[in-house]
Amino acid sequence: MAEPTTALKDKAACGTKPAPPCTLVIFGAGGDLTKRLLMPSLYNLAGAGLLSEGFSILGIDHNDGTDESLRENLTRTLEAFSKDPTSEFHADHIDPTSWGFIRDRLHYLKGDFEKPETYEAVKQRVTGSAVFYCAVAARFFGTIVDGLGQAGLLKQEGDSFRRVVIEKPFGSDLDSARALNARILKQGDESQFYRIDHFLGKETVQSIMAFRFANGLLEPVWRREYIDSIQITAAETVGVEERGGFYEPTGALRDMVPNHMFQLLCMVGMEPPNSFDAEAVRTEKAKLAEAVRPIPPEDAVRGQYSAGTSEGRDVPAYRDEPHVSKDSVTETYIALKLHIENWRWAGVPFYIRTGKRMTGRRTEIAILFKPAPFKMFEDTPTADLGPTVMRILIDPDHGVSTEFNVKVPGPQMKIGRVRSGFRYKDFFADRPNVGYETLLYDCMTGDATLFQRADNIEAGWAAVEPLLKGWPQAEVAFYPAGSAGPKEADDLLARDGRHWLGLDGQTD
Ligand code: BG6
């Protein structure tokens, strides 16, 4: 039997109750997100006993279909993903009880998201509490929320709730994000909107708060007096794949920075919230994001991959990928420096980089501590002395790794560098969750801690606004696929007397 994730079992074992009965209405039931992430997550939630008997799913899409065809399609794709080593979902086989629970509750409605009849039809099918999930292209977010609101589907009566989950990208700049917030908030209250960022579904991201605030050793030194700089990296080896149509007008900055990278930034930089209450946490995150000094274009480097070698095979240039223009200047890589203007972080540079087709897959936050004075080592070969570096490993490794200096055994006082690490899997049972389980469960139970409030989203866009505005003239720097990024990104740090940490080194 495919085991439900340990995290979810823990939730069930420590008295976490099944989510209250509700209908999950999925706009985009035939799409990739539904197949790849939502269904495996629901399967895991069912296996952990965290869905109630009164749970059901209504899938909506524009193709012809029936309840039975939806059930067959999703059963097939779930099985295929469970065997695909590149998918997020791993299971030896599909447990018939857990999947049966979901399968029997799947229903289909053919509908055009732009037509009011669709929402009237939804109204006939949904009573009581509902979560409306926009698993669709971003251009439909506003349309769907308008449709729901105008049909009266967002009215909450008695104890029942009506919530809307909105995927990213939420807007494409500050103005469009503001406009989308204003548009949806005409149809419902802020508390009904759950803006998702799947990085917050990652256990390793959620655990940053515990790491920082539950350890007396770390909490006092997590500040400008002791920290020299912070590097946040999300390096991918994959290219743009089949997503050229989406990626061309989007690029790495919009795709990754004001959302995913800022989530990591907020987690590592925010002040301790007064409690784990959603508003307390989201207020601290908003304060941090609002303290980011708008980033000038000269503090950023945009790169694009040219042809190269990735994981042992020749791969084409971005410009030769499907649905990409031959003279595209869309960036597939971005590196930037930012400053947080508050008491804790004044003067500490945060360096952020993210890119596709890089030499290694690595998402991590590295804290580089200030050097010790080293006076007493004046007469020793200190050339190798580096700062103490603590890396919070998010993907694909999950853990923490610290590099520091020790004495090399022997008669002389020689300093050597060592690494000490911990991996979650060495201490806790493996957790094959696909990353949406907690987010779905939290939405059904009304816990918005891991979702973005309107001000969180707008603060992210505001910080990168000068880059977006400065871009039409900006050049794109090329880097060979399979490399660590463009040389210009190295120059960005060299200007400050620093360098990027390697992407392919060992971490523990
Ligand atoms: C998505 C981006 O939101 O996040 C993708 O659109 C990117 O371009 C992905 O590849 C990265 O997520 P993860 O969880 O694989 O690191």
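Residue numbers count from 1 along this sequence. Read the numbers this way: they start at 1 and go in the same order the structure lists the ligands and their atoms. Side-chain atoms are counted along with the backbone in the values below, which use heavy atoms only and exclude waters and symmetry mates.
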Atom 14 (O) of ligand 1 - nearest protein heavy atom and its distance
Lys202 NZ, 2.5 Å
Protein contact to atom 9 (C) of ligand 1 [nearest heavy atom, distance to 0.1 Å]
His198 CE1, 4.2 Å
Under 3.5 Å between any N/O of Lys168 and any N/O of ligand 1: does that happen in this structure?
yes
Against the six-membered ring of Phe170, is Arg195 placed for a cation-pi contact (under 6.0 Å from the centre, within 45° of the normal)?
yes
Check each of Ile394, Val268, Leu450, Thr363 against Val205 using the side chain to side chain contact (heavy atoms under 4.5 Å, CB included) test, and report the only one that passes.
Ile394
Sub-4.5 Å side-chain heavy-atom contact between Thr449 and Asp442:
no
Going by heavy atoms, is Glu88 under 4.0 Å from ligand 1?
no
May I ask you to check if ligand 1 and Lys356 share an N or O to N or O distance below 3.5 Å?
yes
Does the residue Arg361 have a heavy-atom contact with ligand 1, meaning some pair of atoms that are separated by less than 4.0 Å?
yes
Backbone or side-chain N or O of Thr363 under 3.5 Å from ligand 1 N or O
no
Just so I know, are the side chains of Phe369 and Val389 near enough to count as touching, which here means a heavy-atom distance under 4.5 Å?
no
So, Thr23 side chain and Val25 main chain: donor-acceptor pair closer than 3.5 Å or not?
no
Closest to atom 1 (C) of ligand 1 among protein heavy atoms sits His260 NE2, 3.6 Å
At under 4.0 Å between heavy atoms, is it the side chain or the backbone of Phe199 that contacts ligand 1, or both, or neither?
side chain
Please list, in number order, the atoms of ligand 1 under 4.0 Å from a heavy atom of Arg243.
2 (C), 5 (C), 6 (O), 8 (O)
Under 4.0 Å between a side-chain nitrogen and a carboxylate oxygen: does that hold for Arg282 and Asp455?
no
Distance to 0.1 Å, residue and atom name: give those for the protein heavy atom nearest to atom 8 (O) of ligand 1.
Asp255 OD2, 2.6 Å
Specify the protein heavy atom at minimum distance from atom 10 (O) of ligand 1: its residue, its atom name, and the distance to 0.1 Å.
Glu236 OE1, 2.6 Å
Can you confirm whether Arg243 sits close enough to Asp255 that some side-chain heavy atom of one is under 4.5 Å from a side-chain heavy atom of the other?
yes
Do the side chains of Thr309 and Val315 get nearer than 4.5 Å, heavy atoms only?
no
